[in-house]
2 protein chains.
Amino acid sequence: MFLVSFIPLQPDAPMGTPGLPHERSDAARNRERLLCAARELVDEFGADALTMDALACKAKVGKGTVFRRFGSRAGLMMTLLSDAESEFQRGFMFGPPPLGPGASPEDRLVAFGEGRIYFVLENGELLKAAGAATRNRFDVPATKLSHRHMEVLLREAGIADPWVMAMSLTYALDPERIVDDVRVRGISPSRLTDSWRELITRLLKAT
Amino acid sequence: MFLVSFIPLQPDAPMGTPGLPHERSDAARNRERLLCAARELVDEFGADALTMDALACKAKVGKGTVFRRFGSRAGLMMTLLSDAESEFQRGFMFGPPPLGPGASPEDRLVAFGEGRIYFVLENGELLKAAGAATRNRFDVPATKLSHRHMEVLLREAGIADPWVMAMSLTYALDPERIVDDVRVRGISPSRLTDSWRELITRLLKAT
DNA sequence: ATAGAAAACGGACCGTAGTCCGTTTAGTAT
DNA sequence: ATACTAAACGGACTACGGTCCGTTTTCTAT
């Protein structure tokens, strides 16, 4: 699919993605130290409690280095998410139907939403932290890709303005919304997926 | 409607709503000074540029006083919005159809979304500032009321889980989404309202 | 091996939201 | 009028994200 390759998985990778061009050895070492420390802190205290100072300290690295590496707190969270996010993306782009290609747009959208809801429930803290503080969350590349995916399916299904409709659906699946529905407002995940199915089914049935 | 009176317009009014029980005269005076200064700062520099320090300074008041009065930056923004918000609420609760009672749920929902979109475009900065930093935006009372309103209409229209569906629609109308669509991504307001109409129409047509 | 340049480093520094607590002041009871 | 109390005040203080810039380290070319 021609859409895929134009959307990078990282925010803009402030410098030296994993091992691309020449990355200085000290930089590589520090990146490893930082990611390692970050994962430990997240595991132990949760993503919300992670401060950039604490991270720098734990990784035995200057604060400037943290920001050079990840650009911002949101960037760090995105990096922490990127493996899981890539896997989810592979699922809806290349995986088996109904999530992947081969099923009807309707079935694929239902499956996409369900997958997304469970994905968010597993990575909610990180996702919220990645989205917050980012001036327009839509800049998060993974969000852009999801949006494009839904846009294509909605167009196939005959929606008049698929770009805008995809945006509505993107916000309906907002991490903050999903996490708070389940954890704060006590809605069960299955109610969310059922309602999503109802939404997509009705939306694509008409005409 | 019995729903109305249980939902206060203010967050929790840290102390002394406009003129309720005994409000000390100095408190009243300072509240007036603060609101006045805040409106001037917002008019001149925009809501985004308003800092609590600058506000305290301009109102000739200590910083502690600002926070005692409004609780937080978000609380201040909500207070600034409350007149406009009340008017919008009157529109969909008591005003003429199709926004107010008397039209079909479908027409009322379409009108509600359109009204909301234009409302957000007029008060976007304030709304974004009121929503941000508020741990779950759903706590904003006006949001709660809108949600209830949509929930009732969706139930009338035969939606299986109107509470959850209303939440999806609430997020589809998120101020950040609407403002960024129009001002950052260059989508015209009429595209947004057209798409909203398509969403509601299809959603409520089936079965 | 050496020197020079580019990249990375570190931590002091800044702006801002929000808290704390000792001081002041408005109402009230005598 | 006076004294008392609870509310309100103010501004120093903290926490945190993010920036800046002088210093150090790595790589490369000779």
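In what follows, every heavy atom counts, from backbone to side chain, and hydrogens, waters and symmetry copies are set aside. In the text below, chain A, chain B and the rest are named by the order of the sequence lines, each starting its count at 1.
Between Asp174(A) and Glu176(A), the shortest heavy-atom contact is OD1-N, 2.7 Å. Closest of all the heavy-atom pairs between Arg33(B) and Ala59(B) is NE-O, 2.9 Å. Minimum interatomic distance between Pro141(B) and Met78(B) (heavy atoms only, all atoms of both residues): CD-SD, 4.1 Å. What you find for Ala47(A) and Leu126(A) is that their closest heavy atoms are CB-CD1, 3.6 Å. Shortest non-hydrogen contact noted between Leu50(B) and Val42(B) is CD1-CG2, 3.8 Å. Considering all non-hydrogen atoms of both residues, Ala160(B) and Glu198(A) come closest at N-OE2, 2.9 Å.
For Thr170(A) and Arg177(B), the side-chain atoms include no donor-acceptor pair closer than 3.5 Å.
No donor-acceptor pair closer than 3.5 Å links the side chain of Glu151(B) to the backbone N or O of Pro162(B).
One atom, CD of Glu32(B), and another, P of dA8(D), lie 16 Å apart when rounded to the nearest Å. In this structure, the CZ atom of Phe70(A) is 14 Å from the P atom of dG17(D), given to the nearest Å. As rounded to whole Å, 12 Å separates atom P of dG18(D) from atom CG of Leu50(A). Arg73(A) places its CZ atom 10 Å from the P atom of dC16(D), with the value rounded to the nearest Å. Distance, Leu34(B) CG to dA8(D) P: 14 Å, rounded to whole Å. Phe45(A) has its CZ atom 13 Å from the P atom of dC16(D), to the nearest Å. Atom C1' of nucleotide dC9(C) and atom CZ of Arg31(A) are separated by 16 Å, given to the nearest angstrom.
A centroid separation of less than 6.0 Å is found between the aromatic rings of Phe92(B) and Phe112(B).
In this structure, Arg116(B) pairs ionically with Glu85(B), as a charged nitrogen and a carboxylate oxygen lie closer than 4.0 Å. Salt bridge Asp194(B)/Arg197(B): present, at least one basic N to carboxylate O contact under 4.0 Å. A salt bridge links Asp180(B) with Lys128(B); the closest basic N to acidic carboxylate O contact falls under 4.0 Å.
The phosphate of dG10(D) has OP1 or OP2 within less than 4.0 Å of a side-chain N or O from Thr65(B). The side chain of Asn30(A) places an N or O atom within less than 4.0 Å of a non-bridging phosphate oxygen (OP1 or OP2) of dC9(C).
For Phe67(A), taking side-chain heavy atoms from C-beta onward, the closest of the listed nucleotides dG18(C), dT19(D), dC9(D) is dT19(D). Of the candidate nucleotides dA17(C), dA8(C), dC9(D), dC9(D) has the atom lying nearest to any side-chain atom of Arg69(B).
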Inset, instruction - Summarise how protein sits on nucleotides 24-30 of chain D as a single string, 5' to 3': B when a protein heavy atom is under 4.0 Å from the base, S for sugar-phosphate-only contact, - for no contact. - result: -BBS---
Give me the distances for all protein-to-nucleotides 21-23 of chain C N/O pairs that come in under 3.5 Å?
none

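Residue contacts for Leu76(A): at a heavy-atom cut-off of 4.0 Å it reaches no nucleic acid atom on any strand shown.
Taking every heavy atom of residues 53-62 of chain A and every atom of DNA chain C, pairs under 4.0 Å involve Val61(A), Gly62(A), by number.
Residue-to-nucleotide contacts include no donor-acceptor pair under 3.5 Å from the side chain of Lys63(A) to the base of dA12(C).
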